[in-house]
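Below is one structure; the comments refer to it alone.
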Amino acid sequence: MEKSSPTLESRKRKTAGEDEDEDVKLKGKRTEQVENLMKVSRQEYLKNREKKKLKQLRDDIEDEQFLFEKIEKLSEPEKREHLYKQKIVELVSKEQQCDDTGEEREIHPQQAWEENQINNAKLNFGSKDRKQKDYQFVFEDQIEFIKSTIVDSDSDVDVDNEKLQRTRNSKLIEDRKALPIYPYKDALLQAVHDHQVLIIVGETGSGKTTQIPQYLHEAGFTRSGGKMIGCTQPRRVAAMRVAARVSHEMGVKLGHEVGYSIRFEDCTSEKTILKYMTDGMLLREFLTEPDLASYSVIMIDEAHERTLSTDILFGLIKDVASARPHLKLLISSATLDAEKFSDYFDCAPIFKIPGRRFPVEIHHSKAPISDYLDAAVVTALQIHATQPQDDGDILIFLTGQEEIETAENIINRRIRALGTKIAELITCPIYANLPTELQAKIFEPTPEGARKVVLATNIAETSLTIDCIKYVIDTGFCKINCYNPRTGTESLMVAPISKASANQRAGRSGRTGPGKCFRLYTEHSYMNDLEDSTIPEIQRTNLANVVLLLKSVGITDLLNFDFMDPPPAEALLKALELLFALGSLDKDGKLTKVGERMSEFPLDPMLSKMIVASDKYKCSAEIISIAAMLSIGNSIFYRPKDRQVQADNAWMNFHVGNVGDHIALLKVYNSWKETKFSTQWCYENYIQVRSMKKARDIRDQLESRLERVGIDLTSNVNDLEAIKKSIISGFFPHSARLQKNGAYRTVKHPQTGHIHPSSGLSQVLPRWVVYHELVLTTKEYMRQVTELKPGWLVEVAPHYYQLKDVEDSSSKKMPRGIGLA
DNA sequence: GAGCACTGC
């Protein structure tokens, strides 16, 4: 974005002038009630004022005659309670009708649960009986209109289907009105009119993600100039699923009026007015549209998760908002962080919407526990032995694959020892790197008379939800990735979770019914030892990518950029230094031509630079394959415990001639391509199919970006020197020289490292290498290593290396047989 | 001769 946005003074004037009209119009409408709703949660409201009266009402409700007289005198919550009962009866009869007409109904457990939830949520429904009819009418109209577009595009629809459609639509309207958010619709719209930025605290199950964009659309926020309402999600599946749900509710085809946009898949069209997308995708849109002119509203959902992308979005969007007073911002967060968000957005008001969830009983351990793995197993077996079988499954949170496998073994062994004295207990491991076929196991329904125990990493905290979990066992730990800007190393560390995380984990037990959570740490420890929330990603990650992106949207002064939680200055400086070395920034910190080309690629800057440089060496086809393989990380090879030797041998096939890991990855990709992307081939070579498919998608994307930056796709598969020089053009800061003791030392900064044992060169120990990344585990290990000739460093990066840096003064002191590869 | 939390572009 051009940083030459209006000065603060002129912005203020502009804002005041343009908002004045609206202000005058709406001031009258603003009621005390609206203000109250924004401060007090509905649950508190109910609890404090009307508890007693409600109880009495329940006793009286049998007598209809009496009730109708009484209902006129009732307060709002009482009316709701009454209508709730009425609506349940209506809904049940409607459901039966639906079934009678033979409507196609998926019996997916998720949907069944949703419907159940919706029914439960009827408590909050329909405070305004008369208006309901109005709404239905208005809606029928709208649906007729939209339905015609369905008929247009789908000529097979016959009269019967149309009738069916109508039943379904009216049920959808009912469902929508049943969501806890519905009674707040008017107040919410009012608040959006009154304020530019609104923090929304929407508890789980409130319906905020699906309903708010629709409300705004109905209220006319999409009418002006065909502008869109954008809603970001931290995960791809969420964006897709919500978009599908909303398009269904609105009776339009997915990808038309309602669409989603995620990497590799843009399911939107010119008609699209409600757009769901991943937060990273919106961030990328800043590159082509710095003022987000095509949006009238941006909603950042799940902001409390504080992903890297949301944090950057905050800074950028705050700036856009001050330049565009008519752009509305909605930030949805969890209760704990709401005030922090409000402070950041200049005291934006907080709007609370209650959710619907089941109560969860929380148990803490009495005394501190030293062996949480053992304690988790014991607790699980205890639950299994003492609680009724058909009552619900168990979910245990552990830190990683190894722990999961050990726990699985112990549980199985102990259950076997107990024999028939106890009901069957099925162990289901789940972690991101588990092959897809095995992951599916957790979604299979539990057989009659048995119980499931799911052993999961953090993946079960937010990314996937498992039905029928009644018991959660929380060990209180997880693995987090930490980047050390000083050494440039990354490491995975086992760390205590935050309070927010602990509550999230506990909530996983209350999805289908009341649940219980057993925490393997004391309450004292929860109160005093755990942080309130996890350290945001932006403070513990390599920022090279972020800095390049910010530079290319025109942010010049990064150290003073308005971060909600600023990253360590050292990490920013390190990133700037790297970008300068790569030639993407000039002396004044401005983006160069090379930098502009690099920012087109959704990769780490070193990988992007490698691609840009491959133009010169005429091997872009090979380099994008390597970049794709490198960027999917270390989950390419599958190494089951019982076949480690075979797996290692398969891997070594790609290393013939000690070509180095980069070229080996290229060979893997090309061999797979030759088999026409065969799944069987992957199994035979102990390679993860999922990873390879991802690599193919990334490669395809990179290929299309080549065109955009004007690089020809040229292939030169046999010229290894050209390929290696391209790699070095991006990774020259990661070059290292062999020491006497068999370790390596980086050429510029004194950093030692060792070739990782999984590398094809770990036995070869070439004198000079370039590595992809440095990880700290038991030692500092260089992962993905390729041999280089020192002369190339001076040739490729003369601004960085002089001859004296690469003079091989120590060659004579080398032990015999080392460093001669 | 080792160790792979989770996302996203």
Side-chain angles (χ1 to χ4, degrees), chain A residues 232-239 261-266 277-287 302 305-313 397-405 430-434 456-464 475 477-482 490-495 497 501 504 534 536-538 540-541 545-546 548-549 552 599-605 607-608 627-628 631-641 644-645 647-648 688 691 694 697-698 701-702 705 742 754-759 761-763 765 773 775-783:
Chain A
T232 71
Q233 293 290 319
R235 277 168 293 278
R236 296 157 49 96
V237 274
S261 169
I262 57 177
R263 190 181 188 182
F264 311 130
E265 208 183 331
D266 183 9
M277 61 194 131
T278 45
D279 45 17
M281 208 66 199
L282 183 61
L283 203 52
R284 280 268 142 194
E285 284 189 12
F286 268 92
L287 287 175
E302 314 284 353
E305 284 192 28
R306 305 291 306 276
T307 65
L308 189 58
S309 302
T310 23
D311 267 24
I312 309 296
L313 274 178
F397 281 102
L398 296 161
T399 65
Q401 183 180 345
E402 200 184 335
E403 271 180 23
I404 288 174
E405 279 166 3
I430 178 88
Y431 45 88
N433 263 349
L434 193 73
T457 59
N458 250 3
I459 194 171
E461 198 176 294
T462 50
S463 306
L464 56 88
T475 55
F477 288 96
C478 70
K479 276 186 187 166
I480 55 164
N481 195 1
C482 284
E490 287 192 334
S491 56
L492 269 184
M493 297 190 309
V494 175
I497 59 171
S501 248
Q504 176 74 20
T534 318
E537 194 183 355
I538 196 167
R540 51 184 171 85
T541 192
N545 210 352
V546 168
L548 182 62
L549 188 122
S552 45
S599 65
E600 283 289 330
F601 297 96
L603 296 169
D604 275 339
L607 290 170
S608 309
S631 63
I632 54 174
N634 56 349
S635 56
I636 297 169
F637 292 94
Y638 177 56
R639 201 163 177 263
K641 271 210 169 111
Q644 288 186 354
V645 183
D648 288 350
Q688 299 239 29
S691 302
K694 206 168 148 196
D697 287 340
I698 295 175
Q701 191 189 26
L702 295 179
R705 296 291 164 101
H754 307 260
I755 296 185
H756 195 278
S758 67
S759 164
L761 296 179
S762 62
Q763 303 300 309
L765 297 182
E773 60 180 357
V775 292
L776 176 66
T777 52
T778 50
K779 283 185 204 167
E780 288 100 344
Y781 280 111
M782 302 180 287
R783 260 202 219 133

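The figures here come from the full heavy-atom set of this structure, side chains too, leaving out hydrogens, waters and symmetry mates.
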Verify the contact: side-chain N or O of A:T778 to OP1 or OP2 of B:dG3, cut-off strictly under 4.0 Å; return yes or no. yes

Is B:dC6 in the syn or the anti form, by the rule that syn lies within 90° of 0? anti

Would you kindly check whether a donor in the side chain of A:R783 faces an acceptor in the base of B:dA2, or vice versa, at under 3.5 angstrom? no

Mind checking if A:T278 touches a base, just sugar-phosphate, or nothing, with heavy atoms under 4.0 Å? sugar-phosphate

Thinking salt bridges, do A:R235 and A:E305 make one under a 4.0 Å N-O criterion? yes

Below the 4.0 Å mark, does B:dC6 have OP1 or OP2 next to a side-chain nitrogen or oxygen of A:T457? yes

For A:R236, answer base if it contacts any base atom (sugar-phosphate contacts may also be present), sugar-phosphate if it contacts only those atoms, and nothing otherwise; contact means non-hydrogen atoms under 4.0 Å. sugar-phosphate

Compare side-chain N and O positions of A:S463 against OP1 and OP2 of B:dC6 and report whether any pair is under 4.0 Å apart. no

Take atom CD in A:E402; do more than 12 heavy atoms of anything else shown fall under 6.0 Å from it? no

Does the pair A:R236/A:E265 count as a salt bridge with the N-to-O cut at 4.0 Å? no

Would you say A:T462 reaches B:dT7's phosphate, i.e. side-chain N/O to OP1/OP2 under 4.0 Å? no

Heavy atoms only, 4.0 Å cut-off, all strands: where does A:Y431 land among base, sugar-phosphate and nothing? sugar-phosphate

Considering every strand and a 4.0 Å limit on heavy-atom distances, what is the contact class for A:L283: base, sugar-phosphate, or nothing? nothing

Counting any heavy atom closer than 4.0 Å, what does A:R284 reach on the DNA or RNA strands: base, sugar-phosphate only, or nothing? sugar-phosphate

Which part of the nucleic acid, if any, lies within reach of A:S635 when heavy atoms closer than 4.0 Å are counted: base, sugar-phosphate only, or nothing? nothing

Report which part of the nucleic acid A:L492 touches: base, sugar-phosphate, or nothing (heavy-atom distance under 4.0 Å, all strands). base

